[in-house]
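These notes are about the structure you will find just below.
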Amino acid sequence: MRLVTAVIAALAWTALTMAPAAAADKVVLMLNWYVYGEHAPFYYGKAKGIYAAEGIDLEIQEGRGSAATTQAVAAKTADFGYVDVPTMMRAAVKGAPVIATGVLLQTSPMSAMGFVDKNIRKPEDIKGKTVAITPADSMTQIWPLFLKKTGLKESDFQTVAGDGQTKLNAVINGQADLLLGYVMDQSMKIKDATGKDVYPIKFADYGINMVSSGIIANSDYVKANADLVRRFMSATTKAVEAAEKDPKAAAQSILDANPKGGKIDTLTQGFELTIPLYRTAETKDKRPFQVTDQNMTESVNLMVEYGGLDAKAKANPKAFYTNDYLPKGNS
């Protein structure tokens, strides 16, 4: 009898140990653009098994602009998006069912940048120069505020306009002295093309406090999948924290997944330029994504005044974001 009991117990244990594990949840994250250094944490988190540990099978898709990614999330063709949060606000205030579940870049990456050897280091140095812009993009919308904050007038410099690539080419080919761009994005594209360093005059250094990139999801998706959203934000928070500690390895994970995704040196440098944007003075001791109500309110107010955001957005800035799905605790 004892033998029979032992055999039954052994068979039961074998059945339990051989039972298939619960299938991981398939999740699609769509980026704001083609891959560059800023995106390193997502690839690093996937490569290191951080998402898998939360029961998530992550697929990362490149995007074609924050507006297009926001539309994809609103239509539920992507589960999460990594986008410019002010761009998401414009869609949400018009009725798109989207919300930010975590704001990663809490300091603006916007800047006016030119080659280091041009010696353009402060707003006063822009006088007499030529600035390349892309009409109606986010940086050009905030540019008048930068001029106001720094005492510059549009008559102090020349302007040339074109799409994103034309703007880059204007600086690379010497048709413009500076362009409006993100400190960790366009600066690295210029360096990849020329091998030359770029110096950014950061809007944030002159009192322009506005959030930038974050994670968004469809509002209905969030309500229906609260546990999955929590697990995704937990994994993404851990991925960012791990990537911060080893920027080069994080950048390498981009190339491991996408060998044509850039050059290791500029991917690493671009990501290193991104890390200081994760926190403000108010959130310097907090884990990533934990944006303050004040930062979001100020961002909404700036977007209403300068960024074409409908004035009704000021009535309830909290409608655009939630910190409820983030892991607790300080960094």
Side-chain angles (χ1 to χ4, degrees), residues 24 27-54 56-63 66 69 79-85 101-109 181-192 197-198 200 211-216 231-280 283-291 326-327 329-331:
V27 168
V28 174
L29 169 67
M30 183 177 288
L31 304 177
N32 54 333
W33 197 244
Y34 301 104
V35 66
Y36 57 97
E38 181 184 346
H39 304 138
F42 309 120
Y43 288 91
Y44 196 57
K46 181 174 181 178
K48 288 294 183 180
I50 295 172
Y51 288 98
E54 292 282 1
I56 292 171
D57 177 13
L58 180 64
E59 177 185 345
I60 304 171
Q61 296 180 357
E62 291 184 313
S66 289
T69 296
D79 301 309
F80 294 92
Y82 182 70
V83 305
D84 175 61
V85 173
T101 54
V103 178
L104 184 55
L105 270 60
Q106 299 171 16
T107 300
S108 175
Y182 281 6
V183 64
M184 69 297 192
D185 183 4
Q186 283 80 5
S187 61
M188 296 299 99
K189 288 185 172 74
I190 293 172
K191 187 170 183 177
D192 272 343
D197 285 317
V198 169
V211 299
S212 184
S213 303
I215 298 291
I216 69 166
R231 285 186 283 123
F232 179 81
M233 293 310 304
S234 173
T236 306
T237 298
K238 293 172 186 174
V240 171
E241 291 170 334
E244 285 183 280
K245 294 173 183 175
D246 197 345
K248 188 168 185 178
Q252 182 60 48
S253 69
I254 293 177
L255 294 178
D256 292 342
N258 181 0
K260 296 183 179 179
K263 300 176 181 178
I264 186 59
D265 289 344
T266 46
L267 286 172
T268 303
Q269 187 179 353
F271 178 50
E272 289 173 336
L273 289 168
T274 304
I275 293 171
L277 307 176
Y278 288 162
R279 299 172 181 85
T280 63
T283 60
K284 62 183 175 64
D285 295 323
K286 293 185 177 295
R287 300 183 74 181
F289 294 106
Q290 297 187 19
V291 70
L326 300 176
N330 294 339
S331 58

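Values below: all heavy atoms of this structure, side chains included; hydrogens, waters and symmetry mates excluded. What you see is a predicted model, and the numbers here were worked out from it, not measured in a lab.
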Can you find a heavy atom in the side chain of Lys189 that is under 4.5 Å from one in the side chain of Asp192?
no

Any donor-acceptor pair under 3.5 Å linking the side chain of Asp79 with the backbone of Val28?
yes

Between Ile50 and Ala239 the two heavy atoms that sit nearest each other are CD1-CA, 3.8 Å

Run Asp185 and Glu38 through side chain to side chain contact (heavy atoms under 4.5 Å, CB included) and show every step you take.
CA-CA 8 Å; Asp185 183 4; Glu38 181 184 346; 5.8 Å; no

For residues Gln269 and Asp265, is any side-chain donor paired with an opposing acceptor at under 3.5 Å?
no

Between Asn32 and Thr69, is any side-chain donor less than 3.5 angstrom from a side-chain acceptor?
no

Measure the shortest side-chain to side-chain distance between Leu58 and Phe232 over non-hydrogen atoms and say whether it is less than 4.5 angstrom.
yes

Checking the side chain of Gln252 only, and the main-chain atoms of Tyr44 only, is there a donor and an acceptor separated by less than 3.5 Å?
no

Run the side chain to side chain contact (heavy atoms under 4.5 Å, CB included) check on Val211 and Ser108 step by step: do they pass?
CA-CA 6 Å; Val211 299; Ser108 175; over 6 Å; no

Give the minimum heavy-atom separation between Tyr278 and Pro41, together with the two atoms involved.
OH-CG, 3.6 Å

Just checking, any donor-acceptor pair under 3.5 angstrom between side chains of Ser234 and Thr237?
no

Check whether any side-chain heavy atom of Asp197 sits under 4.5 Å from a side-chain heavy atom of Lys191, and report yes or no.
yes

Determine the sole option in Arg287, Lys48, Met233 for which the side chain to side chain contact (heavy atoms under 4.5 Å, CB included) test with Lys238 is passed.
Arg287

Under 3.5 Å, is there a donor on one side chain and an acceptor on the other for Tyr51 and Thr236?
yes

Would you indicate whether the side-chain heavy atoms of Leu105 and Met184 approach each other to under 4.5 Å?
yes

Can you confirm whether Asp57 sits close enough to Val27 that some side-chain heavy atom of one is under 4.5 Å from a side-chain heavy atom of the other?
no

Tell me whether Lys248 at atom NZ has more than 12 heavy atoms from other residues, nucleotides or ligands lying less than 6.0 Å away.
no

Hey, mind stepping through Tyr82 and Leu104 against side chain to side chain contact (heavy atoms under 4.5 Å, CB included) and telling me if it holds?
CA-CA 9 Å; Tyr82 182 70; Leu104 184 55; 3.9 Å; yes

Give a yes or no on whether the backbone of Trp33 and the side-chain of Glu62 come within a donor-acceptor separation of less than 3.5 Å.
no

Is Leu326 close to Gln290 at the side-chain level, that is, under 4.5 Å between some pair of heavy atoms?
yes

Using side-chain heavy atoms (C-beta onward) and a distance below 4.5 Å, is Gln106 in contact with Thr283?
yes

Apply the test side chain to side chain contact (heavy atoms under 4.5 Å, CB included) to residues Val35 and Tyr43: give CA-CA distance (whole Å), side-chain angles for both, the deciding distance (0.1 Å), then the verdict.
CA-CA 10 Å; Val35 66; Tyr43 288 91; 3.6 Å; yes

